[in-house]
Amino acid sequence: MKPFRIITRGFVASVLLAGALFAPRLVAADVSVSAELTHPQISQGEMSELQIKVTGAQQADVPQQIQADGLQIRLTGQSTQVQMVNFKVSSSVIYSYIVMPLRTGTFTIPGVTVTADGRQFRTGELAFKVDDSRSAPTPSSSSAQMGMPSGMPQGIPPGIPGGIPMPGFQQRRPRPAPQRVDEGKLAFGEINCPKKTLYAGEMTPVEIRYYFDARYPVQVRGRVDFGCEGILVERFPDPKQTREDRDGVTYNVLTFHSLLSAVKPGSLDVAPAKLDCEMQLPGGLPPGFDDPVFQQLMGGQAGFGQPKELSVKTSGLHLEVLPLPKEGRPESFAGAVGQFDIDSIVSNPHPAPGDPANLVVKIGGRGNFKGMGAPVLTQTDGWRSYPPSDKFDSSDELSYTGVKSFDFTLIAQQPQKESPGCEFSYFDPTSAKYVTLTSKPLPLIASPGGPSPTIASSVPAASPEATPARLPAASRNSASLKEGEPMSGITLRSWTTPVQRTEFLIASLAMLVATAALAGILAYFKIQAQGGTAASRRRKHIAELRSLITSGTSDAGSTYEAALDYAELVLPHSDKRDALISGLTERRDLLKYGSGGSLTLPASEHRELLGLLDLSSTKIS
């Protein structure tokens, strides 16, 4: 057993030593990239192979196709090669491209950018020549050079008398005709909206499906173009990809889901939903490349691809939008349309005196959460409340269902034992009625804050009899001292208050000046960081808004947004101002959520807007 153990241990040690010698050289190998042609010169009807060799890297990023005028160069595969020379191990990856000429002549294959090991390399240019087959040697001369009889018919292998086909030899197949494609069935779109009649503000789901013939590669360009003035369409999430058979043809299907809502009542005709794409259609093969072997090298395709730009459209969509009824509209209605429920909770039922309590009201269900207003508090006697903050938690990717929370901050003005109640109203499009939800007051203990209690310090009055006992012994003879003479053990400085001392006054004044200077410097830095004083910032902001409105170069949405801010800041409060702001808000929303917001405002509408704002006579103050 001992010799076997010695041999085994020696073998293991040799393997470990070889690994220690080879591994660093593998890791430390330099990366190099080169390119070469297997046949730099060929005749018409032949093809060549381009090899890109990457040494020192396990993997590299190379292009699928190489663009060259008059040539089709396509990646066909890759192989790995490992060599060991003088105990130095090198690994190479070879990427093979098939080079198919489309005509005769001299060509230059450009360099190729290769990414390997986090770095980029570029190969050199290669010269490539394709000769005309008519200038190639004649079959008779080729036969003579190969020792074949000159009288043998052309195209017949030796040993086949009379040109009779023999087993193992096949005649060249006729070139197939180019494949004809029915462009009407290449791609089409469908739109599905379950509700064609809806109320203003109601959210309804919409599904858009695009079908592409699965036999041809497709590249989608851009996003779905869908919408019109008067409707709001939520942003489309990423589509779902499936396959479906229609009339014996297999299609790749892209399905988009979204939500749409109308902002004003009436009849609306929505334009077809459009999606731009590029499809690779098959093309014919040049002469000499109709052999089945070439088709296998090309991945089974019948010919070279021809890109075709397509704009796939669905059918149009007609909607009837009904107005929300005015009869029975509750005062607490704030624009919510859908089906909802209500729940409330007090997050801190025992706040400290003077501290706020938080009432969280949760509205759950499905509908237009983005256009939903806050609930209304009830039974608020003895409470001071502030506008709530809100947060929405969606339960689907379209934000159609979920829970919206409103957090009210409440401060008790008198001792309280329960919170305010809450009321929320919405319009149910299914029943075509308004619904009001309420939540009852919740128990809590809250009280207002008061001034902090003062600690009265009582100092007992010193009796006349006790005063002499606390004085120094020399003071007991103070009656014998003359007026103005100092007492023994007590100096004049001891009887001077700190306020009367010169050094105290100087130090206090220096501290006061330093504090004021520091406060002034900090205030100056704060004003500079904020862009100046509030008045200067307001004047600057109004000037910027005025310049943007009068220039007429911005898009319509930005112009109306600036006009709305300008009217709120500059125009005096009046009924005319409120009506103008309401009109500007409606027009801005139509441009922002509809169509036309990215276009320049028409000149007539721009002049009308300037007249409404009266910019020529308005002064910036």
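Count residues from 1 along the sequence.
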Min side-chain heavy-atom separation [X]-[Y] under 4.5 Å:
X	Y	result
Glu244	Arg209	yes
Ser344	Leu359	yes
Arg587	Glu605	yes
Val93	Gln59	no
Ser405	Asp390	no
Leu319	Leu317	yes

Return the [atom1] to [atom2] distance between [X] and [Y], rounded to the nearest 0.5 Å.
X	Y	atom1	atom2	result
Glu544	Arg539	CD	CZ	13.0 Å
Arg607	Leu612	CZ	CG	13.0 Å
Ser394	Lys404	OG	NZ	12.0 Å
Tyr426	Ile342	OH	CD1	10.5 Å
Tyr566	Leu548	OH	CG	12.5 Å
Asn358	Ile345	CG	CD1	11.0 Å

Do the side-chain N and O atoms of [X] and [Y] include a donor-acceptor pair separated by under 3.5 angstrom?
X	Y	result
Ser554	Thr559	no
Thr401	Asp396	yes
Glu320	Ser267	yes
Thr113	Gln120	no
Thr533	Ser536	yes
Glu207	Thr255	no
His573	Arg577	yes

Open item on the list: Salt bridge or not between Lys308 and Glu278? Use side-chain N to carboxylate O under 4.0 Å.
Closed with: no

At their closest point, which heavy atom of [X] faces which heavy atom of [Y], and how far apart are they?
X	Y	value
Cys277	Val220	CB-CA, 4.0 Å
Tyr560	Leu591	CD1-CD1, 3.6 Å
Ala60	Ala116	CB-CB, 3.9 Å
Met279	Tyr216	CG-CB, 3.7 Å
Val312	Gly189	CG1-N, 3.8 Å
Phe212	Ala187	CD2-CB, 3.7 Å

Task: Where at least one partner belongs to residues 314-334, residue pairs that pass ring pair (Phe, Tyr, Trp, His ring centres under 6.0 Å), sequence neighbours excluded - done: Phe333-Tyr434

Open item on the list: By the salt bridge (charged side-chain N to carboxylate O under 4.0 Å, His left out) test, which pairs, at least two apart or in different chains, include something from residues 428-441?
Closed with: none

Task: Test ring pair (Phe, Tyr, Trp, His ring centres under 6.0 Å) applied to Phe392 - qualifying residues, sequence neighbours left out - done: Phe369

With sequence neighbours excluded, tell me which residues meet side chain to side chain contact (heavy atoms under 4.5 Å, CB included) with [X].
X	value
Ala567	Leu571, Ile581, Leu584, Leu613
Gln413	Arg384, Ile411
Asp341	none
Val224	Ile208, Tyr210, Phe226, Phe236, Phe256, Ala273, Leu275

Taking [X] for the side chain and [Y] for the main chain, is one N or O donor matched with an acceptor at less than 3.5 Å?
X	Y	result
Ser547	Ala543	no
Asp565	His541	no
Ser419	Leu442	yes
Glu397	Ser258	no

Task: With Asp575 via side-chain hydrogen bond (donor to acceptor under 3.5 Å, both in side chains) - residues at least two apart - done: none

- [ ] Sequence neighbours left out, what passes side-chain hydrogen bond (donor to acceptor under 3.5 Å, both in side chains) with Ser96? Give chain and number order.
- [x] Glu49

- [ ] Would you please test Leu599 and Asp555 for side chain to side chain contact (heavy atoms under 4.5 Å, CB included) and show each step?
- [x] CA-CA 5 Å; Leu599 302 178; Asp555 57 85; over 6 Å; no

Open item on the list: My understanding is that only residues two or more places apart in sequence, or in another chain, count here; which of them pass salt bridge (Lys or Arg N to Asp or Glu O under 4.0 Å) with Lys370?
Closed with: Glu234

TODO: List in chain and number order the residues that pass salt bridge (Lys or Arg N to Asp or Glu O under 4.0 Å) with Glu561, two or more places apart in sequence or in another chain; answer none if no residue qualifies.
DONE: Arg588

For residues 190-206, tabulate all N or O donor-acceptor pairs below 3.5 Å that involve a side-chain atom, not counting sequence neighbours.
from: Glu190; atom 1: OE1; to: Arg246; atom 2: NH2; distance (Å): 3.4
from: Glu190; atom 1: OE2; to: Arg246; atom 2: NH1; distance (Å): 3.1
from: Glu190; atom 1: OE2; to: Arg246; atom 2: NH2; distance (Å): 3.3
from: Lys195; atom 1: NZ; to: Glu202; atom 2: OE2; distance (Å): 2.5
from: Lys196; atom 1: NZ; to: Cys193; atom 2: O; distance (Å): 2.7
from: Glu202; atom 1: OE1; to: Tyr199; atom 2: N; distance (Å): 2.9

TODO: Could you walk me through whether Asp69 and Leu71 pass the side chain to side chain contact (heavy atoms under 4.5 Å, CB included) test, one step at a time?
DONE: CA-CA 6 Å; Asp69 185 25; Leu71 301 174; over 6 Å; no

TODO: For side-chain hydrogen bond (donor to acceptor under 3.5 Å, both in side chains), just list the numbers for Ser389 and Asp407, CA-CA rounded to whole Å, side-chain angles, deciding distance to a tenth of an Å, and then say yes or no.
DONE: CA-CA 5 Å; Ser389 60; Asp407 192 347; 4.6 Å; no

TODO: Any chance you could lay out the side chain to side chain contact (heavy atoms under 4.5 Å, CB included) test for Tyr251 and Lys185, step after step, and finish with the verdict?
DONE: CA-CA 10 Å; Tyr251 291 92; Lys185 296 183 179 180; 3.8 Å; yes

- [ ] Please test Ile73 against Ile98 for side chain to side chain contact (heavy atoms under 4.5 Å, CB included), starting from the C-alpha separation and ending with a verdict.
- [x] CA-CA 6 Å; Ile73 306 176; Ile98 183 173; over 6 Å; no

